[in-house]
Structure formats: structure tokens, C-alpha cells
Amino acid sequence: MGRDFIREAVEGDIAPGGRFAGVKVHTRFPPEPNAYLHIGHAKALWIDYGIAQDFGGLFNLRFDDTNPTREEQEFVDAIIEDVKWVGANWDDRLFFASDYFDAIYAWAIELIKKGKAYVCDLNSDLVTDYRGTLTAPGKDSPYRNRSVEENLDLFDRMRKGEFPDGSRTLRAKIDMAHANLNMRDPVMYRILHAEHHRQGSKWCVYPMYDWAHGFEDSIEGVTHSLCSLEYENHRPLYDWFIDAVNAGRSDDGSDAWGKKIHHPRQIEFARLNLTYTMMSKRRLIELVQAKLVNGFDDPRMPTLAGLRRRGYTPEAIHDFCTRIGINKTYSVVDIGLLEHCLREDLNKRANRVMAVLHPIKVVIDNYPDGQVDEISAINNPEDAAAGSRKTPFTKVLYIEADDFREEPPKGFFRLAPGREVRLRYAYFITCKSVVKDAAGNVTELHCTYDPATLGGDAPDGRKVKATLHWVSAEKALKAEVRLYDHLFTKPDPDDAPQGQSWKDNINPKSMEVLTECYVEPSLATAEKGQKFQFERLGYFCVDLDSAPGQLVFNRTVSLKDSWAKVEKKGQKV
RNA sequence: UGGGGAAUAGUGUAACGGUAGCACAACUGACUCUGGAUCAGUUAGUUAAGGUUCGAAUCCUUAUUCCCCAGCCA
């Protein structure tokens, strides 16, 4: 019960009498190494890997590197790191489509010999012309009926590099009038005099994805080729190619062409879309190249590298992938769900610390000069094992500027002239007076504290309505904090008026850098990537740019802020 | 106007002829040394019209809407 449609199909396939009865379930994640992985890939990855796990099967990581003009080693390395980080385990099954080029080439020769493929001299434009349209049938290439011998000779010379790029292709002989355009004599090989990141200059012809992909899965024994919806129209072609090779072959290998090759089953599902997010690889590359973000691992990017740097955890991503489910319906998931999964995970594991992002100075007038109280603070109320720590309290402190209002609006519980509040784990303080600069801005608060309230409770039982976070002005560490917001201002970045584009919807305030922040001294030894909850503010992690004495934090996600909601509502009225 | 898919609260997803459920969001309230967390509750849905059936989100028919396909990209 509650099983997704793919798992149901797999279950049927491996059941007695099923297509793969008695066979071990085998899946794969087949990225093209031409960009960084994003959260949408994590969904696909988690489906592929999760199904292999659930059925006690095998999972491969395979790079689909059939186009040397856009693939690079940099992306291979980045993808491996990302897949590892997400937590999918391919054991020793890391493969490259390019390692199968010889086998795939041999099958192409076989199809030529079987009269099912031919060398076509039409150039790119003419191939398009001959293909017809969605509603009109195409027409046969004039080269469609070349002899097997001529095709073999020409294809061999294509491989040897005798012809320039684009001058000829090897095509499958299917049906130029087919209602499915993918079946109108698709190109199997194109001539490309390009250096391949693994094959060097060995090849002058490269297989097209459609021709190669089914064989890659076949070679690896993949039972279930899971992919996104746009490949649904291609499935009949993959089946045709495998069937074409298997024609003249038998299970025991006694037929003319030998033994049949494995025929995987492809199942398609809808790719992930997120509100306020762009998932197109092309556009993510564009954002990076146009320097609209600071690289693929910019914490605002939906790339796995970006999410990791932002402070996301693999566990939050797993939870998210599980919750969104699998289907064939176009859908856009609320990014709030991703953030919810993150908060839920971080709430359990991130230690609490105090940090003041927009400091305002507080002087405790009746607190002895030079005195330091080591205040005991709980590291994580959700995890008793996390223990506690000491944090210094002194006469001069910083609190959040937003936690004080000279004229508090209705519903504001925090500090105001004459009001008493609690400083978390420390003392009750009462605001006595305010110091302003020439422009009338509040620069300093003078308060008194009640020594009897050490630890945060009043012996006389009196209550306060607010608890504020604070740091010692003298002992705190100065830090840089980067606040992030959605990269786009609209739930659908493509929602732009006539004449404008998605780029006009980029959020100009997606990053705010605060350089005057103060964090409690216990953070001096925080390591890159380490995650914390800054009490009452949100979850933060130490950025890659951080250095000892030069701490830099990223805001991963804010805490839910019900006061902000109340205040907002008050403004509307 | 060709072919291939898909339609369930605002969003995502269950229900496989038998009480339309869950999660996120939103809104109430309780509790709280984080206006956090937690807990309790509320609002809100089967694209439409016919048909089959004791009974339909589910089966049939028709319509509507949305997505994908005319790279020598993947």
C-alpha cells in the first residue's frame, strides 16, 4: 500500500511469470557530464537508487558521455562528489558510455548488414526538411537504398575520419511516415572530429543518445531504465533498436547472429519542479556564466553543490524526495516543503548558539565593571546528549536591534523603555533609558539587571513575555553572515510580461551580506560546513570562505517567525 | 488539424468498484527561558457532462484543459 507506480511495476516484473522473474533488480543513474547536478537530479537519483535498495538489487552510476563537444572531466568529478554526498552507493559499478563505443559500433555494423541502417549524405537542414512535420509525413532520403556494401564502406570511412563534420550520418531505416517523429529514420551516428574526455581522438563518429542509451543499459544488465517523461516518445525507438539487434539471434545463441541481448524496461516519471526555482541546466549554466550568481555552488543555486554549501543535509533531501512521491503528472512542488524537511532535520541535530546579526549596544548600568559571569546554556533542547556549554555575560552586550522598539506596536512583547525581558539563560533586564545620535537613531540602551534572576527565573515568580538572545560585546567574535532569499521573485520564474524574460524575475535581494555581526566565543573553533541554530534566527552553517578569525556564516534557512507574521498583518490593516 | 502522456483541497500525494485519507501551506487555540520546537483543532478536493452498477475518483462514452515531440543535444 502507498507504493508508487514504478515500484508496483517492478514488483510485477520480478514476480513469477513476470518479465524479469528470477532476475535481480538493477537500476542506474545516467547523468551527462556537461553540468552540475541539481535537486531535480536528486529526485531521479533517489528513485533509481531507492528502488535498487528496496528490492535488494544493484545500482550503477554511469556517465552518458556520447557528445565530446560539451562534456568535461570537471563535471564528472563534481557529479561523483554530489552523488556520493546524496548517499547513493554504486559500489564498484562506475561506468562510462564511452567504454561501450566498440560494442555499440559493432551493433551498428550489424544493422547495416541486416539492411536496417544506411549512410545518408543529406546535410542537417535537408534531414530536417525530409523529416516532415507533426502533421505531414516525411519523405525517404535519396540515399536510403544504398547497397549493404556501399554502406559498410562509407561508414568505415566515416569512422576513419575521411569526411568532414556534418557531411554524412548513419541512419536507421524505419519509416519516414511514422506518426512518432523519433521513428522517421533517426540518426544513429554523426561525424565529429572532436577530442573526447576519455577516448581522446580515437573516434571520428559518435553515437547519438537515442541509439546508444538502450545498449548501455543492456550491456550493464539494467532491468529498469527509469527516466523522465520527455523520453516516453523515444521508448518505441529504444525497443526497435534492441529488437533489430535481436532479430536473427536466439536465447541459446544458435542463430546466425548469436545470442540475444538483454532488453531493459524503461519507465518514465515526471521531473521535479520547484516554486521560485529554475531547474533548466542550460539556464543554470547561463546564470553562472553571466555571473548573476557566484558559481555552480552559490548557496542560492538549486544545484546539489549549492545546497550543500548552503547547509542542506542529505537526510533532508531524502525526506523531501520521499514526500514528493512519484507520478506522471506535471507538477510544481512548493519550495516550502523542501525548507520544512530541512528545518525538521536541523532542529534535531544542530546545536544552538547565540549570534546577533543587527547589533545594538546594551549597557547594564548596575552590573559591576569587569565582571564576567559564565552562563550555562543548553546546546540542543531536542537532544539531551548534546550537553551544555558556558557563554560569557558582561556589562556591555549586544542584542538584536529588532528586539527593541522605542514605541512598541500592539503585540510586541520584546524590549521597550520601562519594559522587563529575559536575556536567554542569563538575567531579567529592564530598559531604563535610550541614547540617540544626532540623527535621532537609537545607538545604545541603558538597562538594569536583577541579580536574583541568574539562570533566567525570578525567585518571586514574576514572568516576562519575551526572551532575547544576546552576546557579550567584549567577548563576542565578529563575523560575516550571508542571508539568502529565493533566487527568483516569482513562484514561476517564467511568469514575465511581454518583452521580459525569466532574468527580469531574478531577485535583486537574494543575497544580503552582513559584516557587523557578533557570535558567541564558542564558535571560534567552528569548522567549515558545521551547522548551528542561531537562537531565534535560523539555521546557519560555516561557509567555505570562512577562516579562523574571519568567520563567515551562511543562513541555511530561517526559523518560523510568527511575530513577523503578526506584524505583517498589522501593517495591512 | 499528427503522435505520445496526464487530470484528486492553495501545493504535493493516497485510495486499485465499497466511509475521499496524509503531508506542506494557511488559519484557531494550548504550552513554552527560542514569538523556535511540540500538541490539539479549523478551512479546503475527485476537470465537465452523460452512461454501466445496489454502489464510481476508480469501469465505458464524449468533451475540456495541461505537458512532451519536427537537434547531426541528452
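Lettering of chains follows the sequences in order, A, B, ..., and the numbering in each one begins at 1.
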*Asks:* Classify R131(A) by what it touches in the nucleic acid, base, sugar-phosphate, or nothing, heavy-atom distance under 4.0 Å.
*Replies:* sugar-phosphate
*Asks:* At under 4.0 Å between heavy atoms, what does G138(A) touch on the DNA or RNA strands: base, sugar-phosphate, or nothing?
*Replies:* nothing
*Asks:* The criterion is side chain to side chain contact (heavy atoms under 4.5 Å, CB included); which residues satisfy it with A416(A), sequence neighbours excluded?
*Replies:* P408(A), R419(A)
*Asks:* If you check every side-chain atom of E382(A), which of rA37(B), rC27(B), rG12(B) has the closest atom?
*Replies:* rA37(B)
*Asks:* Taking atom types as modelled, is there a side-chain donor on R422(A) or T467(A) under 3.5 Å from an acceptor on the other?
*Replies:* yes
*Asks:* Can you spot which of Y398(A), Y425(A), W470(A) makes a ring pair (Phe, Tyr, Trp, His ring centres under 6.0 Å) with F393(A)?
*Replies:* W470(A)
*Asks:* Can you find a side chain N or O atom of T66(A) that sits less than 4.0 Å from OP1 or OP2 on rA74(B)?
*Replies:* yes
*Asks:* Distance alone, cut at 3.5 Å: any donor-acceptor contact between the side chains of R536(A) and H469(A)?
*Replies:* yes
*Asks:* Taking only heavy atoms on the protein side, list every residue of residues 30-40 of chain A lying under 4.0 Å from any atom of RNA chain B, sorted numerically.
*Replies:* E32(A)
*Asks:* Whether R343(A) contacts rG36(B) is assessed here as follows: a side-chain N or O lying under 4.0 Å from the phosphate OP1 or OP2. Is that the case?
*Replies:* no
*Asks:* Syn if the chi torsion is within 90° of 0, anti otherwise; quick check, which is rG71(B)?
*Replies:* syn
*Asks:* Under 4.0 Å between any heavy atoms, over every strand shown, what does T69(A) touch: base, sugar-phosphate, or nothing? Just pick one.
*Replies:* nothing
*Asks:* Going by heavy atoms closer than 4.0 Å, what residues in residues 182-190 of chain A are next to RNA chain B?
*Replies:* V187(A), R190(A)
*Asks:* Give every residue pair that meets the salt bridge (charged side-chain N to carboxylate O under 4.0 Å, His left out) criterion with at least one member in residues 336-347 of chain A, sequence neighbours excluded.
*Replies:* R323(A)-E344(A), D345(A)-R349(A)
*Asks:* If you find the nucleotide of RNA chain B closest to N347(A) and the one closest to D125(A), which residue's nucleotide is nearer the 5' end?
*Replies:* N347(A)
*Asks:* Grab the two heavy atoms, one from C204(A) and one from R159(A), that are nearest each other, plus how far apart they are.
*Replies:* CB-O, 3.5 Å
*Asks:* Which letters describe nucleotides 41-48 of chain B, given B = protein heavy atom under 4.0 Å from base, S = only from sugar-phosphate, - = neither?
*Replies:* --------
*Asks:* Do the side-chain N and O atoms of Y100(A) and E220(A) include a donor-acceptor pair separated by under 3.5 angstrom?
*Replies:* yes
*Asks:* Taking only residues two or more places apart in sequence, or in another chain, which ones meet H224(A) in a ring-ring contact (aromatic ring centres under 6.0 Å, His included)?
*Replies:* F20(A)
*Asks:* Taking only nitrogen or oxygen atoms into account, show me every contact under 3.5 Å that the protein makes with nucleotides 20-24 of chain B, one pair per line with its distance.
*Replies:*
unit_1: rA23(B); atom_1: O2'; unit_2: R323(A); atom_2: NH1; d: 2.9

*Asks:* Under 4.0 Å between a side-chain N or O of S562(A) and OP1 or OP2 of rG36(B)?
*Replies:* yes
*Asks:* Among all residues two or more places apart in sequence or in another chain, which pass the side-chain hydrogen bond (donor to acceptor under 3.5 Å, both in side chains) test with R235(A)?
*Replies:* E268(A)
*Asks:* Distances under 3.5 Å only, N/O to N/O: pair up the protein atoms with those of nucleotides 4-8 of chain B.
*Replies:*
unit_1: rG4(B); atom_1: O2'; unit_2: N233(A); atom_2: OD1; d: 3.4
unit_1: rG5(B); atom_1: O2'; unit_2: E232(A); atom_2: OE1; d: 3.3
unit_1: rA6(B); atom_1: O2'; unit_2: T329(A); atom_2: OG1; d: 3.3

*Asks:* Classify the side chain of E230(A) and the base of rC69(B) as holding, or not holding, a donor-acceptor pair under 3.5 Å.
*Replies:* no
*Asks:* Does any pair with a residue in residues 167-177 of chain A pass salt bridge (charged side-chain N to carboxylate O under 4.0 Å, His left out), and if so which ones, sequence neighbours excluded?
*Replies:* D121(A)-R168(A)
*Asks:* Please state how far atom CD1 in I324(A) lies from atom P in rA14(B), giving the value in whole angstrom units.
*Replies:* 11 Å
*Asks:* Using a 3.5 Å cut-off on both pairing distances, which stems of three or more Watson-Crick or G-U pairs include RNA chain B?
*Replies:* B:2-7 with B:64-69, B:10-13 with B:21-24, B:26-30 with B:38-42, B:47-51 with B:59-63
*Asks:* Using a strict heavy-atom distance below 4.0 Å, which residues from residues 268-284 of chain A are in contact with RNA chain B?
*Replies:* none
*Asks:* Rounded to whole angstrom, note down the P distance from rA26(B) over to rU64(B).
*Replies:* 38 Å
